[in-house]
A.B. asks: 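Before we start, here is the structure in question, set down as structure tokens.
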Number of protein chains: 2
Amino acid sequence: MNYYSIGEAAAQLNVPESTLRFYEKKGLVTLIERDEAGRRLYSEHQMALLRTVMCLKNTNMPISDIQQYINWIVEGDSTIEKRLDMMLKHKQAVLDEIALMHHSLDGIEEKITRYTNKIQEALT
Amino acid sequence: MNYYSIGEAAAQLNVPESTLRFYEKKGLVTLIERDEAGRRLYSEHQMALLRTVMCLKNTNMPISDIQQYINWIVEGDSTIEKRLDMMLKHKQAVLDEIALMHHSLDGIEEKITRYTNKIQEALT
DNA sequence: GCTTGACTTAAACTAAGGTTTAAGTCGTAT
DNA sequence: ATACGACTTAAACCTTAGTTTAAGTCAAGC
């Protein structure tokens, strides 16, 4: 299998290395292998997990909730319903947030139109 | 003209009163009139400004940037180009953020599908 | 006359999500 | 051999965006 150093993993996930160490300490990602020298080796499997973590983080899930979700994954299939429930709720929260942003964007676009017109008028 | 007490304004904007006082201290909203007893009176004009502030806040603009924007409004028409520039950049930032959220949502929906299938299978 | 809702300042406090620092130790590549 | 990238712990520090507290004052309504 392919392994990534912390530097490679960080670059791929577009976060600082310090964040990966921080997430590890927080239990957002577990069981990272090490080479003989004690350096972290991120497997494809870990990278997939981290990509999931990033999906949740990018949609503003609090770290503590991501932690809970990861714990459920580690616990195994008995927690699938809980995970499904969490993801459904989170999806709705994200949709709500996107809707709010879209709505707010309307207000911003109105400003853009108004300013653009004003500048046009000033040039005539 | 119609005036609103801080309680009414807060309810209408869906924020705590403490936040309105905080924004005022920060200079996000200025020149709020007072009644004889010193209580804040929010005019329609102030409410409109505050709705703009909320649009920016709801799209995650930092308070310091909102402050700058409001300062420019107060300065008058000479700052219209700066405001237009700021709004155009902010619009792009918001669109980028929404795009990232949408993309991340795909990952979340994949989980939902997988968990749903697993639960279905388990029932057969 | 008392409760309610508003007001004041300044500072402390909170929560989230990291970042930085100190003071080192290792192993690998040039 | 020396620089590079990684490693350690623990605590201190940072920013953002408020919230809370203290210790009052003030005016209006019941």
Side-chain angles (χ1 to χ4, degrees), chain A residues 3-43 46-47 50 52-70 90 93-94 97 100-101 104, chain B residues 3-43 46-47 50 52-70 90 93-94 97 100-101 104:
Chain A
Y3 285 98
Y4 304 93
S5 72
I6 196 171
E8 291 165 338
Q12 206 176 111
L13 297 163
N14 205 30
V15 287
E17 299 175 15
S18 56
T19 298
L20 290 181
R21 294 198 190 98
F22 174 73
Y23 283 0
E24 188 177 335
K25 199 156 58 184
K26 285 275 172 175
L28 294 199
V29 74
T30 43
L31 305 170
I32 288 115
E33 295 171 64
R34 305 292 180 115
D35 67 7
E36 326 78 48
R39 274 164 286 182
R40 288 168 181 81
L41 292 175
Y42 293 86
S43 66
Q46 293 299 335
M47 293 304 289
L50 274 168
T52 298
V53 168
M54 296 321 281
C55 278
L56 299 177
K57 186 209 124 178
N58 289 337
T59 49
N60 304 318
M61 182 180 280
I63 297 265
S64 57
D65 290 8
I66 301 180
Q67 207 182 106
Q68 171 69 277
Y69 178 70
I70 297 294
H90 184 57
V94 175
E97 203 182 328
L100 177 59
M101 293 184 86
S104 302
Chain B
Y3 284 98
Y4 304 93
S5 71
I6 196 170
E8 291 165 337
Q12 208 177 108
L13 297 163
N14 205 30
V15 288
E17 300 176 15
S18 56
T19 298
L20 289 181
R21 296 199 189 97
F22 173 73
Y23 283 180
E24 189 177 336
K25 200 157 57 184
K26 284 275 169 176
L28 293 198
V29 77
T30 42
L31 307 168
I32 288 115
E33 296 171 64
R34 306 292 180 115
D35 68 7
E36 327 78 49
R39 275 164 285 181
R40 288 169 182 80
L41 291 175
Y42 293 85
S43 67
Q46 294 299 334
M47 292 304 289
L50 274 168
T52 300
V53 167
M54 296 321 281
C55 277
L56 298 177
K57 188 209 122 176
N58 288 338
T59 49
N60 304 316
M61 183 180 280
I63 297 263
S64 57
D65 290 8
I66 301 180
Q67 207 181 109
Q68 171 69 277
Y69 177 70
I70 298 293
H90 183 57
V94 175
E97 203 181 326
L100 176 59
M101 291 184 87
S104 300

A.B. asks: Excluding sequence neighbours, so at least two apart, what forms side chain to side chain contact (heavy atoms under 4.5 Å, CB included) with B/S104?
C.D. replies: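 Only A/C55, A/N58, A/T59, B/L100 meet the side chain to side chain contact (heavy atoms under 4.5 Å, CB included) criterion with B/S104.
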A.B. asks: Please identify each residue that fulfils side-chain hydrogen bond (donor to acceptor under 3.5 Å, both in side chains) with B/Q67, with sequence neighbours left out.
C.D. replies: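 Testing B/Q67 for side-chain hydrogen bond (donor to acceptor under 3.5 Å, both in side chains), a comparison that skips the adjacent residues, returns none.
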A.B. asks: Under the side chain to side chain contact (heavy atoms under 4.5 Å, CB included) rule, collect the residues that match up with B/N14, sequence neighbours excluded.
C.D. replies: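 Applying side chain to side chain contact (heavy atoms under 4.5 Å, CB included) to B/N14 gives none.
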A.B. asks: Applying side-chain hydrogen bond (donor to acceptor under 3.5 Å, both in side chains), can you list everything that pairs with A/Y23, at least two apart in sequence or on another chain?
C.D. replies: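 For A/Y23 there are no side-chain hydrogen bond (donor to acceptor under 3.5 Å, both in side chains) partners, ignoring immediate neighbours.
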A.B. asks: Kindly give the heavy-atom pair with the smallest separation between B/S43 and B/Y3, and that separation in Å.
C.D. replies: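 So the minimum-distance heavy-atom pair works out to CB-CE2, 3.5 Å.
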A.B. asks: Please identify each residue that fulfils salt bridge (charged side-chain N to carboxylate O under 4.0 Å, His left out) with A/D65, with sequence neighbours left out.
C.D. replies: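 By the salt bridge (charged side-chain N to carboxylate O under 4.0 Å, His left out) rule, A/D65 matches no residue at all.
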A.B. asks: Which atoms of nucleotides 25-28 of chain D (N or O only) lie under 3.5 Å from a protein N or O atom, and what are those distances?
C.D. replies:
none

A.B. asks: Expressed as a whole number of angstroms, how long is the span from A/Y4:OH to D/dA6:P?
C.D. replies: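 Whole-Å distance recorded here is 16 Å.
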A.B. asks: Find the distance B/I66:CD1 to D/dA17:P and express it as a whole number of Å.
C.D. replies: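 Atom CD1 in B/I66 sits about 8 Å away from atom P in D/dA17.
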A.B. asks: Could you tell me if the side chain of B/L20 sits less than 4.5 Å from the side chain of B/V29, heavy atoms only?
C.D. replies: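 Side chain of B/V29 against side chain of B/L20, heavy atoms only: no contact under 4.5 Å found.
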A.B. asks: Heavy atom of residues 18-30 of chain A under 4.0 Å from DNA chain C: which residues?
C.D. replies: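 Under 4.0 Å from DNA chain C: A/S18, A/T19, A/F22, A/Y23.
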A.B. asks: What is the distance, to the nearest angstrom, from the CD atom on B/Q67 to the C1' atom on D/dG18?
C.D. replies: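 Going from B/Q67 (CD) to D/dG18 (C1'), I get 15 Å.
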A.B. asks: Give every residue pair that meets the salt bridge (Lys or Arg N to Asp or Glu O under 4.0 Å) criterion with at least one member in residues 5-20 of chain A, sequence neighbours excluded.
C.D. replies: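 Residue pairs passing salt bridge (Lys or Arg N to Asp or Glu O under 4.0 Å), neighbours aside: A/E17-A/R21.
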A.B. asks: Which residues pass the side-chain hydrogen bond (donor to acceptor under 3.5 Å, both in side chains) test with A/Q46, sequence neighbours left out?
C.D. replies: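 With sequence neighbours excluded, A/Q46 shows a side-chain hydrogen bond (donor to acceptor under 3.5 Å, both in side chains) to no residue whatsoever.
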A.B. asks: Between B/R34 and A/P16, which residue's closest nucleotide on DNA chain C lies nearer the 5′ terminus?
C.D. replies: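 This one resolves to B/R34.
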A.B. asks: Could you tell me whether A/S64 contacts a base, only the sugar-phosphate backbone, or nothing, with contacts defined as non-hydrogen atoms closer than 4.0 Å?
C.D. replies: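 No contact.
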A.B. asks: Going through the distances and angles, do B/Y42 and B/I32 end up as a side-chain contact (heavy atoms from CB on, under 4.5 Å)?
C.D. replies: CA-CA 6 Å; B/Y42 293 85; B/I32 288 115; 3.9 Å; yes
A.B. asks: Identify the 5'-most and 3'-most nucleotides of DNA chain C with at least one atom closer than 4.0 Å to a non-hydrogen atom of chain A.
C.D. replies: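 The contact span of chain A on DNA chain C goes from C/dG17 to C/dT28.
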A.B. asks: CD1 of B/I66 to OG1 of B/T52: how many Å apart, nearest 0.5 Å?
C.D. replies: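 One finds 10.5 Å between CD1 of B/I66 and OG1 of B/T52.
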